[in-house]
Colleague: 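This structure is in structure tokens; I'll ask about it shortly.
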There are 2 protein chains.
Amino acid sequence: MIEAELFRVLADPTRRALFERLVAREMSVSDLREGFSVSQPAISQHLAALRAAGLVEERREGRFAYYRANPEALAPLVNWVDTYSTFWPKRIERLKDLLRRMDQ
Amino acid sequence: MIEAELFRVLADPTRRALFERLVAREMSVSDLREGFSVSQPAISQHLAALRAAGLVEERREGRFAYYRANPEALAPLVNWVDTYSTFWPKRIERLKDLLRRMDQ
DNA sequence: ACAAGATATAAGTGTCAGCTTATATGTTGT
DNA sequence: ACAACATATAAGCTGACACTTATATCTTGT
């Protein structure tokens with residue numbers, strides 16, 4: 001049942017987009033605001049939700065707050081998906097492609 | 001963006017539980033009702049949502065409706081999870097090992 | 001034909017999540 | 001010290017959604 005919070009938190013598109021951007025690189029709240037049409041408090045609230053789920057971590061530096069993704073927190077979701085995605089062959093091919101792309 | 005509907009539909013715990021039971025085996029709506037505290041219409045509504053997302057399929061037989069899971073519909077979710085959990089270094093190694101073993 | 005059964009749809013309701021504006025808290029530079 | 005800045009928190013509003021009961025639709029057995 002541990003995946004419940006992850007599903008709930010990641011169900012929101014804005015929150016998913018924030019997480020995705022933070023996987024690429026660490027960013028401040030102001031950085032994150034760019035490209036989103038919501039207010040700064042909304043961003044902060046989403047970050048708090050992601051943080052409560054362990055999906056992002058915060059590093060404070062003066063008046064700035066830098067956030068970065070913690071993909072390991074996806075583990076329960078990965079487990080769930082692995083359990084129920086029984087169509088392995090295609091998935092293996094996709095994983096190979098993915099790893100090839102990342103090796104460069 | 002294709003994973004959006006999957007996240008939304010699977011965010012509901014009751015719906016996830018229904019899907020999980022239907023992965024194990026095909027069941028009628030009445031069968032599914034057992035173990036849940038919600039009404040029959042609620043079950044039907046959840047099944048309709050799962051069906052719209054392609055996560056379950058229906059087979060009619062007389063006055064019965066038999067549902068079964070279609071795990072392949074998880075593909076976009078699997079893809080998303082793989083994309084972002086691959087940034088988890090240990091998972092990369094695990095996946096590489098897995099693929100090496102499967103190449104033989 | 002009709003009653004009982006299985007499921008779906010309709011309509012209404014309450015709750016909650018995400019949004020907003022306003023404000024608080026803490027920090028930096030002058 | 002104070003103004004500007006970066007972020008967080010508070011409070012209130014609104015829409016979406018999961019639920020309910022009531023009813024419709026279709027099927028089966030007598």
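Each chain gets a letter, A, B and so on, in the order its sequence line appears, and its residues count up from 1.
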Colleague: When all nucleic acid strands are considered with a 4.0 Å heavy-atom cut-off, which category describes A:Tyr67: base, sugar-phosphate, or nothing?
Modeller: sugar-phosphate
Colleague: Looking at A:Arg16 and A:Leu10, would you say the former's side chain and the latter's main chain have a donor-acceptor pair under 3.5 Å?
Modeller: yes
Colleague: Ignoring the backbone of A:Gln45, work out which of C:dC19, C:dT7, D:dT21 is nearest its side chain.
Modeller: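 Within the option list, the nearest is C:dC19.
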Colleague: List the steps and the verdict of salt bridge (charged side-chain N to carboxylate O under 4.0 Å, His left out) for A:Arg51 and A:Glu57.
Modeller: CA-CA 6 Å; A:Arg51 198 159 170 245; A:Glu57 288 167 1; over 6 Å; no
Colleague: Take the protein atom CZ of B:Arg8 and the nucleotide atom C1' of D:dC17, then report the distance between them rounded to whole Å.
Modeller: 10 Å
Colleague: Measure from the side-chain heavy atoms of B:Val38 and tell me the nearest of C:dA8, C:dG18, D:dT20.
Modeller: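 Of C:dA8, C:dG18, D:dT20, D:dT20 is nearest to the side chain of B:Val38.
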Colleague: C:dA6 phosphate, OP1 or OP2: any side-chain N/O from B:Ser30 under 4.0 angstrom?
Modeller: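 For B:Ser30, the contact criterion (side-chain N or O under 4.0 Å from OP1 or OP2 of C:dA6) is not met.
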Colleague: Side chain of A:Pro41: nearest nucleotide among D:dA8, D:dA22, D:dC5?
Modeller: D:dA8
Colleague: Write down the distance between CZ (A:Arg63) and P (D:dA6), rounded to a whole number of angstrom.
Modeller: 6 Å
Colleague: Looking only at side-chain N and O atoms, does B:Ser39 come under 4.0 Å of OP1 or OP2 in D:dC19?
Modeller: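 No.
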Colleague: If you find the nucleotide of DNA chain C closest to A:Gly62 and the one closest to A:Thr14, which residue's nucleotide is nearer the 5' end?
Modeller: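 Its nucleotide being nearer the 5' end, the pick is A:Thr14.
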Colleague: Reckon A:His46 has a side-chain N or O less than 4.0 Å from the OP1 or OP2 of C:dA17?
Modeller: no
Colleague: Does any N or O in the side chain of B:Arg15 come within less than 3.5 Å of the main-chain N or O of B:Val9, such that one atom is a donor and the other an acceptor?
Modeller: yes
Colleague: Could you state the CD-C1' distance from A:Gln40 to C:dG26, rounded to the nearest angstrom?
Modeller: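 Rounded to whole Å, this separation is 13 Å.
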Colleague: Return the minimal non-hydrogen interatomic distance between A:Glu5 and A:Ala52, and the atom names on each side.
Modeller: OE2-O, 3.7 Å
Colleague: What's the CD-C1' distance between A:Glu34 and D:dA6, to the nearest Å?
Modeller: 14 Å
Colleague: Output the rounded distance in Å from CZ (B:Arg60) to P (D:dT28).
Modeller: 11 Å
Colleague: Could you tell me how far apart B:Glu61 (CD) and C:dT7 (P) are, to the nearest whole angstrom?
Modeller: 11 Å
Colleague: Which whole-number value in Å describes the distance from B:Phe36 CZ to D:dC19 P?
Modeller: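 Taking atom P of D:dC19 as the reference, CZ of B:Phe36 is at 10 Å.
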Colleague: What nucleic acid atoms does B:Glu58 come within less than 4.0 Å of, heavy atoms only: base, sugar-phosphate, or nothing?
Modeller: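 Sugar-phosphate contact only.
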Colleague: Classify B:Arg33 by what it touches in the nucleic acid, base, sugar-phosphate, or nothing, heavy-atom distance under 4.0 Å.
Modeller: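 Touches nothing.
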Colleague: With a non-hydrogen cut-off below 4.0 angstrom, is A:Ala65 in contact with a base, only sugar-phosphate, or nothing?
Modeller: sugar-phosphate
Colleague: Are the side chain of A:Arg21 and the backbone of A:Leu32 linked by a donor-acceptor contact shorter than 3.5 Å?
Modeller: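 Looks like yes, one N/O pair under 3.5 Å.
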Colleague: What is the distance from CD1 of A:Ile43 to C1' of C:dG18, rounded to the nearest Å?
Modeller: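 Nearest whole value for this atom pair: 12 Å.
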Colleague: Please classify the nucleic acid contact of B:Arg15 as base, sugar-phosphate, or nothing, using heavy-atom distances under 4.0 Å.
Modeller: sugar-phosphate
